[in-house]
J.: 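Before I ask anything, here is the structure I am working with.
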Amino acid sequence: MSVIEATAPVAVKTPLVANPDLFSAKPSLIGLTREDMATALKAKGVSDKQVRMRVSQLWHWLYIRGVSDFDAMTNVAKDMREMLKQHFTIARPEIVEEQISNDGTRKWLLRFPPRGAGRPVEVETVYIPEAGRGTLCISSQVGCSLTCSFCHTGTQKLVRNLTAEEILAQLLLARDRLGDFPDREAPHGTIMPAEGRKVSNIVMMGMGEPLYNFDSVKTALLIATDGDGLSLSRRRVTLSTSGVVPEIFRTGDEIGVMLAISLHAVRDELRDMLVPINKKYPLKELIEACRNYPGVSNARRITFEYVMLKDVNDSLEDAKALIKLLKGVPAKINLIPFNPWPGTNYQCSDWETIEKFADFINQAGYASPIRTPRGRDILAACGQLKSESERMRKTERMAFEAMMIAGHGEDDD
Ligand code: SAH
Ligand code: SF4
């Protein structure tokens with residue numbers, strides 16, 4: 001199998017990639033800073049003289065060549081490779097399920113080892129190919145401790161933070177599956193991308209609140225943007241937060257990526273209900289933090305995400321208040337049609353209402369793209385991600401998919 005032309009959603013069941021180290025206690029070398037990798041190697045007897053060279057060799061193999069097997073590191077001496085194998089792992093997580101939407105969006109359900117106590121955990125990662133770019137939507141936590149009322153992930157309790165390795169592994173694995181590492185034959189079963197459909201952008205918009213897992217997210221994103229490795233441009237990496245105000249400045253200062261704010265309401269009263277973290281950090285503080293975001297300018301605007309909920313936040317009064325609220329902040333506004341999930345009481349605004357809302361904002365001088373929902377049929381769109389035991393039962397999902405295919409909620413193109 002090399003190419004799957006998806007005309008209807010396709011699900012490939014497990015395990016596509018079995019992780020031999022799934023239950024191993026060996027630490028991974030992926031997701032360590034150079035300093036931490038050096039410390040780990042020295043602890044296993046690599047000499048002070050050699051350690052820098054070894055770190056840069058490993059960095060190259062892991063992040064430029066994308067290998068997941070020590071034996072592929074052909075310029076590393078055999079006894080060194082044996083030592084590495086004995087003490088460390090660089091294996092990918094297991095792919096439990098890979099689904100392909102009829103719009104080409106791909107969703108992977110990945111399983112990570114327990115890392116200490118507990119059970120293995122599962123997270124979802126989504127790849128969205130578009131003309132001229134490919135965006136990977138990465139998760140930062142298993143579940144979420146926040147409870148935004150319109151978000152599917154918010155109905156799943158927080159299980160745990162992902163480690164830097166696990167955050168980065170989502171990128172490495174997607175690049176494996178898309179044949180996106182140079183000089184390497186695509187592994188058996190890889191789904192090759194069409195021209196230009198590789199990972200060019202990252203959004204921290206999967207499961208979880210990235211700023212409640214700041215240190216691991218920071219380490220992973222610094223490795224993803226490291227010029228001697230994965231080399232993603234910081235301008236092509238966007239971190240989305242529901243509004244963890246105390247960590248916003250550090251995000252710009254220490255990671256230097258683009259910022260997106262899940263705004264969704266322009267009055268505290270309503271935002272308290274939709275995005276409950278607003279009770280802790282209300283709009284005034286949030287907007288102030290945005291004004292002070294390091295590097296913000298007209299060339300580096302902050303994205304404000306605004307989910308369109310029928311009769312909740314979609315009036316022209318809301319649009320007016322939105323313009324007023326964002327005055328003086330270099331901003332673009334992303335209007336997201338609400339993506340339904342089983343059990344929600346919300347509905348997506350009518351298309352006409354969304355367009356009127358967008359026009360109003362546009363006339364006030366803001367870019368206001370309406371985000372085309374992607375991957376809705378496989379529950380891969382914004383806010384639809386969920387994993388672990390609470391995923392829909394198969395029968396539920398089949399009913400839901402049938403509904404999506406029949407065209408309900410497909411009033412978007
Ligand atoms: N926790 C972070 C990162 C998740 S980003 C945050 O909230 O910013 C996912 C984006 O999709 C957020 O803007 C979120 O508010 C939005 N979202 C959540 N549920 C949604 C839904 N059902 N339909 C559309 N967008 C949704
Ligand atoms: Fe968590 Fe973001 Fe969903 Fe809110 S919108 S529940 S912060 S994932």
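Model, not experiment: these values are computed from the prediction. Start at 1 and go down the list; that is how both ligands and their atoms are numbered.
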J.: Does atom NZ (Lys85) have a neighbourhood of more than 12 heavy atoms from anything else shown, all under 6.0 Å?
T.: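 For Lys85, atom NZ is crowded (more than 12 foreign heavy atoms under 6.0 Å).
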J.: Test salt bridge (charged side-chain N to carboxylate O under 4.0 Å, His left out) on Arg371 and Glu305; report intermediate values, then the result.
T.: CA-CA 10 Å; Arg371 201 191 283 168; Glu305 295 159 280; 3.6 Å; yes
J.: Assess, by modelled atom type and distance only, whether the side chains of Ser368 and Asn362 contain a donor and an acceptor separated by less than 3.5 Å.
T.: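 Present: a donor and an acceptor within the cut-off.
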J.: When only distance counts, is Ser262 in polar contact with ligand 1, meaning an N/O pair under 3.5 Å?
T.: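 Looking only at distances, the answer is yes, because the N/O contact criterion of under 3.5 Å is met.
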J.: Using only heavy-atom distances, determine whether the side chains of Tyr346 and Ser149 contain a donor-acceptor pair under 3.5 Å.
T.: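 Tyr346 vs Ser149: donor-acceptor pair found between side chains.
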J.: Step through it carefully: locate the ring centre of Phe304, locate the ring centre of His264, and say whether they are under 6.0 Å apart.
T.: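 Phe304 vs His264: aromatic centres not under 6.0 Å.
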J.: More than 12 heavy atoms of other residues, nucleotides or ligands under 6.0 Å from CZ of Arg52: is that the case?
T.: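 Counting neighbours around CZ of Arg52, 12 or fewer heavy atoms of other residues, nucleotides or ligands fall under 6.0 Å, so no.
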J.: Which ligand 2 atoms, with their elements, are less than 4.0 angstrom from a heavy-atom of Leu146?
T.: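 Here the atoms of ligand 2 in question are 6 (S), 7 (S).
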J.: Could you tell me, atom by atom, which parts of ligand 1 come under 4.0 Å of a heavy atom of Ile336?
T.: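 Near Ile336, meaning under 4.0 Å from one of its heavy atoms, ligand 1 has 24 (C), 25 (N).
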J.: Which ligand 1 atoms are under 4.0 Å away from a heavy-atom of Thr241?
T.: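 What qualifies from ligand 1 is 6 (C), 8 (O).
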J.: Going by the order shown, which atoms of ligand 1 are within less than 4.0 Å of some heavy atom of Phe338?
T.: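 Heavy-atom distances to Phe338 below 4.0 Å select 21 (C), 22 (N), 23 (N).
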J.: Does some non-hydrogen atom of Met207 fall short of 4.0 Å from ligand 1?
T.: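 Contact absent.
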J.: Rounded at 0.5 Å granularity, tell me how far OG in Ser315 sits from NZ in Lys356.
T.: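 The NZ atom of Lys356 is 11.5 Å from OG of Ser315, to the nearest 0.5 Å.
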J.: Any atoms of ligand 1 less than 4.0 Å from a non-hydrogen atom of Glu305? List them with their elements.
T.: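 The list of qualifying atoms is 10 (C), 12 (C), 13 (O).
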J.: Pull out every atom of ligand 1 sitting under 4.0 Å from any heavy atom of Cys151, numbered as shown with elements.
T.: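 Close to Cys151: 18 (C), 19 (N).
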J.: Quick one about Thr39 and Asp36 (side-chain donor to acceptor, distance below 3.5 Å, no hydrogens or angles considered), yes or no?
T.: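 Judged by distance alone, the side chains do not pair up.
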J.: If you define the side chain from C-beta out and look only at heavy atoms, does anything of Leu58 sit under 4.5 Å from Ile90?
T.: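 Heavy-atom side-chain distance check fails, nothing below 4.5 Å.
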J.: Do we see a donor-acceptor contact under 3.5 Å between the side chains of Asn313 and Asp318?
T.: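 There is no such pair between these side chains.
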J.: Tell me, please: is Ser140 in heavy-atom contact with ligand 1, that is, under 4.0 Å?
T.: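 Judged by the 4.0 Å heavy-atom criterion, Ser140 does not count as contacting ligand 1.
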J.: Closer than 4.0 Å to some heavy atom of Phe150 - which atoms of ligand 1 meet that?
T.: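 That gives atoms 15 (O), 17 (N), 18 (C), 19 (N), 20 (C), 21 (C), 22 (N) of ligand 1.
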J.: Does Gly208 have a non-hydrogen atom less than 4.0 Å from ligand 1?
T.: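 Contact check Gly208 vs ligand 1: positive.
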J.: Give a yes/no on ligand 1: does Trp341 have at least one heavy atom closer than 4.0 angstrom to it?
T.: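 Yes.
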J.: Distance check, rounded to the nearest 0.5 Å: Glu166 atom CD versus Ser28 atom OG?
T.: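 It is 9.0 Å, given to the nearest 0.5 Å.
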J.: Which atoms of ligand 1 are found less than 4.0 Å from any heavy atom of Met205?
T.: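 Near Met205, the atoms of ligand 1 are 4 (C), 5 (S), 9 (C).
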J.: So, 2.8 Å as the limit: is an N/O/S atom of Cys151 located closer than that to atom 4 (Fe) of ligand 2?
T.: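 No N, O or S atom of Cys151 is closer than 2.8 Å to atom 4 (Fe) of ligand 2, so no.
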J.: Going by side chain to side chain donor-acceptor pair (under 3.5 Å), name the residues that satisfy it together with Ser140, two or more places apart in sequence or in a different chain.
T.: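 Not a single residue meets the side chain to side chain donor-acceptor pair (under 3.5 Å) criterion with Ser140.
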J.: Measure Asn339 to ligand 1 on non-hydrogen atoms and call it side chain, backbone, both or neither using the 4.0 Å cut-off.
T.: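 It is both backbone and side chain that touch ligand 1.
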J.: At under 4.0 Å between heavy atoms, is it the side chain or the backbone of Glu209 that contacts ligand 1, or both, or neither?
T.: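 For Glu209, backbone and side-chain atoms both sit under 4.0 Å from ligand 1.
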J.: With atoms numbered from 1 as shown, which atoms in ligand 2 lie under 4.0 angstrom from a non-hydrogen atom of Cys144?
T.: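 Answer, ordered by atom number: 1 (Fe), 6 (S), 7 (S), 8 (S).
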J.: Check ligand 2 against Ser242 and write out every atom of the ligand that is under 4.0 Å from a heavy-atom position of the residue.
T.: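 By the 4.0 Å cutoff, the relevant atoms are 7 (S).
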J.: Any nitrogen or oxygen of Pro210, main chain or side chain, under 3.5 Å from a nitrogen or oxygen of ligand 1?
T.: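 Between Pro210 and ligand 1, no N or O pair is found under 3.5 Å apart.
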J.: For Gly206, take its heavy atoms, then give the atoms of ligand 1 lying under 4.0 Å from any of them.
T.: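 Atoms satisfying the 4.0 Å criterion: 4 (C).
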J.: I would like to know whether Phe338 and Phe150 meet side chain to side chain contact (heavy atoms under 4.5 Å, CB included); could you show each step before the answer?
T.: CA-CA 8 Å; Phe338 171 65; Phe150 52 87; 4.0 Å; yes
J.: I want to confirm something. Looking only at heavy atoms, which of Gln141, His264, Arg371 is nearest to atom 14 (C) of ligand 1?
T.: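 Of the listed residues, His264 has the closest heavy atom.
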J.: Would you say Leu230 and Arg175 make side-chain contact, with heavy atoms under 4.5 Å?
T.: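 A side-chain contact under 4.5 Å exists here.
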J.: Taking 4.0 angstrom as the limit and counting only heavy atoms of Gly154, give me the atoms of ligand 2 inside it, by number and element.
T.: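 Those atoms are 6 (S).
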J.: Taking atom 24 (C) of ligand 1 as the point of reference, which of Val203, Val307, Thr238 owns the nearest heavy atom?
T.: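 Checking each option, the heavy atom nearest atom 24 (C) of ligand 1 is found in Val307.
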